[in-house]
Amino acid sequence: YEKALEQSQGQLVYYLRLGVANVRGQRYERAREVFTHALQRYPDNANLYFLLGYTGRAEGQYDQAVANFKHALKLEPDNPDVLSNLGYIASQRGENVEAERMLRRAIQLDPKSFPSYHDLGRLLVKLRRYEEALPLLNRGVELNAKDPGVHYQLFLAYSRLKRKEDADKELA
């Protein structure tokens with residue numbers, strides 16, 4: 001992608017691909033450089049701000065991530081991926097009311113958003129709202145049955161509700 005970017009006169013698609021490849025390779029500093037450089041050419045691109053936010057989130061740099069996600073949200077107010085990531089960070093920070101609001105909005109905007117169902121279900125388990133968490137986590141399983149995290153959250157919810165058979169199934 002480095003070569004393609006050089007030869008393409010800075011086409012957005014190659015910035016995106018190069019940056020995402022670096023995020024996937026956990027080369028966050030390089031990803032941030034690529035996205036920041038791209039923003040010089042494409043200053044109103046919400047996707048670039050989202051990807052900068054995601055890079056910050058991956059590094060645990062939540063303040064930086066939130067700033068970039070909020071900038072993306074100004075450009076695209078109903079972006080479910082941005083809302084979902086802001087909800088996740090709010091949850092990690094213990095801002096539970098805000099986290100729930102953002103995650104529910106993300107689900108409303110994108111009913112197939114596995115991360116939103118998983119994160120909201122996990123939040124509700126943390127808040128001991130087990131019955132309320134079950135349909136969200138079960139929807140998460142429908143969307144991504146191979147994710148062990150959503151099964152673990154179901155295990156926790158079923159265990160707390162004393163539904164041993166269901167809990168054992170999810171743990172397995």
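By the criterion of side-chain heavy atoms lying less than 4.5 angstrom apart, applied directly or through intervening Ile, Leu, Val, Met, Phe, Trp or Tyr residues, Leu51 is grouped together with Leu75 in one hydrophobic cluster. Two different hydrophobic clusters hold Phe114 and Leu109 under the rule that ILVMFWY side chains link at heavy-atom gaps under 4.5 Å. Taken together through direct or relayed side-chain contacts under 4.5 Å among Ile, Leu, Val, Met, Phe, Trp and Tyr, Val20 and Tyr42 form part of one hydrophobic cluster. Hydrophobic clustering of Ile, Leu, Val, Met, Phe, Trp and Tyr side chains at less than 4.5 Å, counting indirect connections, keeps Leu86 apart from Leu120. Put simply, Leu161 and Val150 are part of the same group of oily side chains (I, L, V, M, F, W, Y) that touch within less than 4.5 Å, one to the next.
A distance-only check finds a donor-acceptor pair linking the side chain of Arg139 to the backbone of Pro111 [under 3.5 Å]. Between the side chain of Ser159 and the main chain of Phe155, a donor-acceptor pair closer than 3.5 Å is present. Using modelled atom types, no side-chain atom of Asn144 and backbone atom of Gly140 make a donor-acceptor pair closer than 3.5 Å. When atom types are taken as modelled, the side chain of Asn138 and the backbone of Leu134 share a donor-acceptor pair closer than 3.5 angstrom. With His151 contributing its side chain and Ala145 its backbone, the two residues share a donor-acceptor pair below 3.5 Å.
Once rounded to the nearest 0.5 Å, the distance linking CG of Asn96 with CG of Leu123 reads 5.0 Å. Here the straight-line distance linking atom CG of Leu48 with atom CZ of Arg41 works out to 12.0 Å at 0.5 Å rounding. Taken from CD in Glu132 to CG in Leu124, the straight-line distance is 5.0 Å, to the nearest 0.5 Å. Distance NE2/His71 to CG/Leu73: 11.0 Å, rounded to 0.5 Å. The distance from the NZ atom of Lys70 to the OH atom of Tyr49 is 15.5 Å, given to the nearest 0.5 Å. Note: Gln153 CD to His118 NE2 = 5.0 Å, rounded to the nearest 0.5 Å.
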### Task
Show your working on side chain to side chain contact (heavy atoms under 4.5 Å, CB included) between Ser113 and Ile107 and close with a plain yes or no.
CA-CA 6 Å; Ser113 173; Ile107 288 170; 5.6 Å; no

### Query
Would Arg30 and Leu18 count as a side chain to side chain contact (heavy atoms under 4.5 Å, CB included) if you check the C-alpha gap in whole Å, the side-chain angles of each, and the deciding distance to 0.1 Å?
CA-CA 9 Å; Arg30 178 64 180 132; Leu18 177 60; 3.8 Å; yes

### Message
Could you walk me through whether Glu170 and Leu156 satisfy the side chain to side chain contact (heavy atoms under 4.5 Å, CB included) test, starting with their C-alpha distance in whole Å, then the side-chain angles of each, then the deciding distance to 0.1 Å, before giving a yes or no?
### Response
CA-CA 9 Å; Glu170 293 304 324; Leu156 291 175; over 6 Å; no

### CA sep, side-chain torsions, deciding dist, call: Glu76, Val82, side chain to side chain contact (heavy atoms under 4.5 Å, CB included)
CA-CA 9 Å; Glu76 289 182 3; Val82 173; 6.0 Å; no

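Both the sub-6.0 Å distance and the 45° axial angle are not jointly satisfied by Arg163 relative to the ring of Tyr158.
Comment: Asp119 engages Arg122 in a salt bridge, judged by a side-chain N to carboxylate O separation of less than 4.0 angstrom. Electrostatic pairing of Arg129 and Glu100 counts as a salt bridge here, judged by a charged N lying under 4.0 Å from a carboxylate O. Contact check on Arg32 versus Glu59 returns a salt bridge, with a Lys/Arg side-chain nitrogen under 4.0 Å from an Asp/Glu carboxylate oxygen. A salt bridge between Arg93 and Asp63 is present, with a side-chain N of the basic residue lying under 4.0 Å from a carboxylate O of the acidic one. The pair Arg105-Glu98 does not meet the salt-bridge criterion, since no charged nitrogen lies less than 4.0 angstrom from a carboxylate oxygen.
Residues Ala21 and Arg27 come closest through the heavy atom pair O-NH2, 3.4 Å. Scanning all heavy atoms of the two residues, the minimum distance from Leu103 to Gly87 falls at CG-CA, 4.0 Å. Closest non-hydrogen pair, Tyr28 versus Ala58, comes out as CE2-CB, 3.6 Å. When all heavy atoms are compared, the tightest approach of Ala133 to Val125 is CB-CG2, 3.8 Å. The shortest heavy-atom contact between Val34 and Gly19 is CG1-N, 3.8 Å. For Ala99 against Ser91, the heavy-atom pair with the smallest separation is CB-N, 3.4 Å.
When each of Asn47, Asn68, Thr55, Asn45 is paired with Phe35, the side-chain contact (heavy atoms from CB on, under 4.5 Å) condition holds for Thr55 and for no other.
Remark: Tyr14 OH is loosely packed, at most 12 non-hydrogen atoms of other residues, nucleotides or ligands lying under 6.0 Å away. For Gln40, the CD atom sits in a packed shell: over 12 heavy atoms of surrounding residues, nucleotides or ligands are nearer than 6.0 Å.
Taking the six-membered ring for Trp and thresholds of 30 and 60 degrees, Tyr15 and His37 have ring planes inclined between 30 and 60 degrees apart. Relative orientation of the Phe69 and Phe50 rings is tilted, given thresholds of 30° and 60° on the angle between their planes.
With contacts defined as side-chain heavy-atom distances shorter than 4.5 Å, the pair Leu154/Asp166 does not qualify.
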